[in-house]
Amino acid sequence: MRTFSVKIGSRRITLSDRMIQENDYRKWWIIPVVAGVYLLPLFLNEYSIYLMNMLAATIIGAVALDILCGFCGQLSLGHAAFIGIGAYSYGICHMTLAINPIFSLFIAGFTGAFVSLLIGIPSLRLKGLYLAIATMGFTFITDEAVRFLRAWTNGVEGFKISRIIDIGFVQLNSGDAGFYYFIYTLVIVAVIFSRLLLESKIGRAFTSIRDSDVAAEVSGINILLYKVLCFAISSFFASLSGALMGIIIGMISPEDINIMQSINYLIMLVIGGMGVVYGAVIGAVLITFLPEWISMLSNSFLPMTVDLSILQYLIFGLLILFFIVFEPNGVYGRWTVVKGYFKTFPFNERKVGRIAWIYRWR
Amino acid sequence: MIIDGLINGIALGCIYALVALGFVLIYKATHVINFAQGEIMMFCSYICYAGSTTFHFNFILSFFFAVIAGFLLGALLERLFIRPLIGYPILPVVIATIGIAMVLQSVAALIWTFEPQKLDPFSGSPYQLWKVSISPVHLWTIIITFILIFLFSLFFRHSLVGIKLRAIAEDLIGSMASGIPVRRMYNFTWGLAGAIGAVAGILVAPVIFIHPHMGSIGLRALPAAVLGSFGSIPGAVVGGIVLGVSETIAGLYLPKEIKDVFPWLLLFLVLLIRPEGIFYTYEQKKV
Amino acid sequence: MKKIKVLAIVGLCVACFLSFTSNTIADTGVNKKVILVGGSLDLTGPAAFMGQGVKRGINLYFNKVNAEGGIHGRKLKYIAEDDGYVVAKTVSNYKKLTLKSRVFCLLGSTGSVGPKALKPYLEEDKIPLVGPYGYTSAMFRPFHTYLFNIYATCEDQAKIFVDYLKTELKLENPVIGLLAEDNEIGQDTIRGAEAQVKKVGWQAPVVELYKRSAIDFSSQVLRLKAKNVDALFFPVISSHSAQILKECQKANFQPLLFATATATDLRFLKMAGDSAYFGKGLRSFATQINHRDNSSGAEEFRAAIAKYDPSNKDPNSFNLFGYGIAKILCEGLQQAGADLTREKLISALEKMDGYETGIFAPMTYGPNNRQGTDSVRILRADHNKKDFVIETGWLHPE
Amino acid sequence: MKILQVTDLFMSFRGLVALNGIGFSVEKGEIFGLIGTNGSGKSTFFNCVNHLYQPQRGKITYKGKHDLLSKRSHQIAKMGIARTFQNLELFHYTRVLENIMVGLHPRLDMRRYLRKFTLKALMSEWEADKNEAFKILNFLGITRFHSRLVTDLPYGLQKLIELGRALAAQPDLLLLDEPSAGMNESESKEVARLIKSIRDDFGCTILLVEHDMNLVQSICDRLCVLDSGEIVTIGRPDEIVKDPKVIRIFLGEESDA
């Protein structure tokens, strides 16, 4: 049913009927959040700073996976492999070859991006879930390659990475607040970058491939190129996150490269909201703190005999299913629905219900 | 040595084939890779184990008990978690199967703990045929797999339900229009995949024992499905056996680092050379 | 509208803060009533049954000590964190245990890479870690003040294996086979065997490796068979050991078979079935006693199980291991005196000389010794008793 | 000048012949209509032009020099061929404006952004791109829906949005696959006028697939009638409707008598 009239030749009409609903790109609430992030270490103890630093590396990893899964709709189960590659290449560059740590971070990122080309080009030629299978296989191959290249990676014994990075004028220890500022600056850069990416021509190409690849192709988008580009950008950030994680932990071993790690990041996306940068951030925060909350609750409510670790695993699985079935847009999606409800409060056009999967919010 | 290797490879390949068959069935009907296939397998072999230890059934009874349980489990999972997602893009459904895998794994760990359990119905010393020795497990694996595949081909070719399933795989809208109950068929497909998973699980249990992590063998069968062009049933069988044999032969003659990543290396080789797999049929999205 | 957003963010921050709040216990994890002991174990993941078993054993001994009045009046509490066999989580757990739960010391750990990653942290915080669950020499080589190892390493076991072949079984230049998982334990075994073989002047061992995700050992076994291996040592987890035995039986491959401590359970014999008695039979290097035999340690363990954990109908060797390391730690804590500090615990442990746990070989630490023991004894799978019988006493590598 | 030259195009799906050696040419600036019954191969032909399908034989030449069957779909789009689909292929979970902006894709040059260094200049460039999209929306008279999700909109609007996406590329050749499908008579008339004004305002050649004989008759310069993959006749609309062969195809054998 159409309730509008087509105006012919209205091209000459000026843009006066442009609607009032112009999107508000200036999000002033960002400023208190950023300020809060930078002020936070003043109130935190050592463990919390450590946890927040881990969270920062996780956020970058989650945003990286969001660029691939959420924007472009390609499932990857090899995120852990890229995180491992990032940590190892940072370690080799910084520890073995004694390259400046900032450069090493970039080299780590670019190594990941380069490797992603090698997997992406054969497996992204086909439509479907081949990337998921190929990246899963790549996880196992990376694990084996790390063991095989014993001379460089120290094999199964694990590679030690310095927890101190020296950026010219100041030395940052990964347990300190100084490193906190450094890593959160990177987080903010990564978040802003991916937001801008989403707004740009490239980001639009990604989302159009996700929504309808045929239409994207006839609109002049080179599907293979953009899919591979997306995978490379995602891998760059994943490897960067891996390098940072290596610095925080001080060690990387082949055991860290396993599928469960990759799935953990997927859980973050699903819970936070896929296809939205803020969703990935929220998911990372929730999944990092959820174990703490679970153990806090269980200390007060559950008897000691219940095995927490298995329970936690079960809760993660149930969370995925719960969110996919009842709120596929994640926490952020639910939030926008609630927001929309209040915005139009007495005049709600229709019931607030399930809306489209992967719905991009402004 | 090579004959021993071949037989081992065929037995291993049969297991891959059964697991891949589970993947392919669901993929054919719904275009979703079910990452919980391995976990369904694990769960069903636990059910068989429980049948023979807790309820003291004999093996044949607990085998069928587990197969029926596998069917019901698959159908139940579809009803609970996959049916609400009909009409969604593929990605969330695939992620939902990962969630199912996690839930099944942790439920199994809560019930039966992490301790590996033994389920060995085919115990006994190996048979000697000519100069080759073949263990009862392998013999039964090969026999049961081939019987199952034979039954399957009969089922798909001649039974009404099988023809309906093929119709759905061919043309969803068309089969909906001609009155095929698509949802019930989806449910049935999941059940069927669960039942196959149960058989695969019971066959693999004597070899790798039952523990909550045995589902990871499911992932190793994925290259077999790719090799046989995802979505082709004979492809899954041939892909599985090719994968099993080549993996064992590679283990015998190639450097020792290769063997356990061989399926994945083969996968990349297939993706590079012939990404459509062996049994590719022309398929074009209608626009 | 913005208010709601701000409120939500504030709420999230509050929730984060709540999770940051630390316990009120003193920094060192000790007060008048309680000693907190922590550990990062793999309670989920591929080898979860080990971590679960160790945790249960430790809790068993702690319950026993607490029921008997504690240590200098203090009760023991064990806090286990799960790391799922991932090093990153091991370090996170360590941070959580030391900075949030404020434990006094650590007891038990996952694998061998985890404690290695913890080494610099232990050094920084001066926190001792007793009883890492791993058989590798990397635990105490190079010397690390805060890691108190329990086991004979796989390197030692490989050496004893070669010695045993030479002195007891009187083999002359046999072909030695090693089949190990490609991890640190496997590398340690290879190192030990190669060194010892060189010493006695035999040919180099035949090595086959596999990965944890392996499901099929047939080609490794066939390759070993093709090389005419006379004696095979496989220091792998129990289910893999059972698979290897079955493969040997299937391939009609009859070397002298040597498994490691993981293959000393009754459950393992059940898993392996006939194949455990196939050919020349199976021997296992036991690093601890068999909890079914009638030594005093085993009786003590059984009594403790019956009294404090009666729901554990089928205790396994990991329970016993946890029990044993807890016993060693408690001995150290006892000796450290009523005025407990970490330094005192370390010096008390260092004074330990030939301490009889009744479970492990006599434990000896010193200012330059963190190995505890390097002895194992050999058990043989007996077809008639359907159980392991003790073949030798505690053996040392030469 | 011939903008599209098709010679001997043959395509079959597993033995089912969809296009059996068709050949014709489209002049620049005309509205060329393809009509025929269901399954006569009209959409298949469009998919061949976009190279979504690979025909077994034949040649499609664009502007006299480009061989379309040796190009990939996205390259063809960049050469100035845009199209709509019979069953909508929209980006359902994005907003209307962004759908249009995807159509702008071939025309946007990222290097333009890289040359600007101040944030303000960047924003103004970005605004300029958006204004391009708004121009299209204005032309179609659907500006007020620009920030709505596509899935929330009715079918007719979605068709217009798809048309807008095709127009955004400023194509030389526009392929419209059943633009009036599912519309009533008055709406069809609107669409007819819209198509004419597109030809006049944008100056593009339009290739049209349609069932609706009235619509085709009123706007097309030339018509091609297809039946089971073969060309029945090509000519001016008023000639075509009198052609007995065409009448037989569309009205059945009886009317012939």
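Reminder, nothing fancy here: chain letters follow the sequence lines and each chain counts from 1. From a predicted model like this one, the values you see are computed outputs, not experimental measurements.
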Margin query: For B/Phe81, which atoms come within 4.5 Å of any heavy atom of chain A: side chain, backbone, both, or neither?
Written below: both
Next item on the list: Let me know if A/Ile310 has heavy atoms under 4.5 Å from chain B in its side chain, its backbone, both or neither.
Entry: both
Check: Side chain, backbone, both or neither: which part of A/Ile315 has an atom under 4.5 Å from a heavy atom of chain B?
Finding: neither
Item checked: Segment of B/Leu267 engaging chain A (4.5 angstrom heavy-atom cut-off) -> side chain
Checklist line | Structural part of A/Leu75 lying under 4.5 Å from a heavy atom of chain B | finding: both
Next item on the list: Pick whichever of B/Leu219, B/Thr97, B/Ile90 has the most heavy-atom pairs under 4.5 Å with chain A.
Entry: B/Leu219
Notebook entry, point to check: Quick one: are B/Thr30 and B/Ile82 in side-chain contact, heavy atoms under 4.5 Å?
Noted result: no
Check: Which word best sums up how the rings of A/Phe206 and A/Tyr226 line up, parallel for under 30°, tilted for 30 to 60°, or perpendicular for over 60°?
Finding: perpendicular
Notebook entry, point to check: With chain B, which of A/Ile320, A/Leu126, A/Leu319, A/Ile133 has the greatest number of heavy-atom pairs at distances under 4.5 Å?
Noted result: A/Ile133
Checklist line | Aromatic contact, A/Phe82 with A/Phe231 (centres under 6.0 Å) | finding: yes
Check: Given that the side chain runs from C-beta out, which part of B/Leu104 has a heavy atom under 4.5 Å from chain A: side chain, backbone, both or neither?
Finding: neither
Check: So which of B/Tyr27, B/Trp264, B/Phe114 has the largest heavy-atom pair count under 4.5 angstrom toward chain A?
Finding: B/Trp264
Notebook entry, point to check: Heavy-atom distance under 4.5 Å to chain B: side chain of A/Leu77, backbone, both or neither?
Noted result: side chain
Margin query: Between B/Glu247 and B/Arg220, does any side-chain N to carboxylate O distance fall below 4.0 Å?
Written below: yes
Item checked: Non-hydrogen atoms of A/Gly279 and A/Tyr332 that approach each other most closely -> CA-CB, 4.1 Å
Check: Is the count of non-hydrogen atoms from other residues, nucleotides or ligands lying under 6.0 Å from A/Phe114 atom CZ greater than 12?
Finding: no
Next item on the list: Supply the atom-to-atom distance A/Arg210 CZ to A/Lys227 NZ, rounded to the nearest 0.5 angstrom.
Entry: 14.0 Å
Check: Relative to chain B, which segment of A/Leu321 carries a heavy atom at a distance below 4.5 Å: side chain, backbone, both, or neither?
Finding: side chain
Item checked: Which atoms of B/Ile258 approach chain A - backbone, side chain, both or neither, heavy atom under 4.5 Å -> neither
Notebook entry, point to check: Where does A/Phe138 contact chain B at under 4.5 Å (heavy atoms): side chain, backbone, both or neither?
Noted result: both
Note to self: For A/Phe140, which atoms come within 4.5 Å of any heavy atom of chain B: side chain, backbone, both, or neither?
What the structure shows: both
Notebook entry, point to check: How far apart are the closest heavy atoms of A/Leu224 and A/Ile121, and which atoms are they?
Noted result: CD1-O, 4.3 Å
Next item on the list: With a 4.5 angstrom heavy-atom cut-off, could you sort out which part of B/Val94 is near chain A: side chain, backbone, both or neither?
Entry: side chain
Notebook entry, point to check: Do B/Glu78 and B/Tyr186 have side-chain atoms, one donor and one acceptor, less than 3.5 Å apart?
Noted result: no
Check: Which value, rounded to the nearest 0.5 Å, describes the distance between A/Arg204 atom CZ and A/Ser219 atom OG?
Finding: 11.5 Å
Check: Which bit of A/Leu314 comes within less than 4.5 Å of chain B, counting heavy atoms only: side chain, backbone, both or neither?
Finding: both
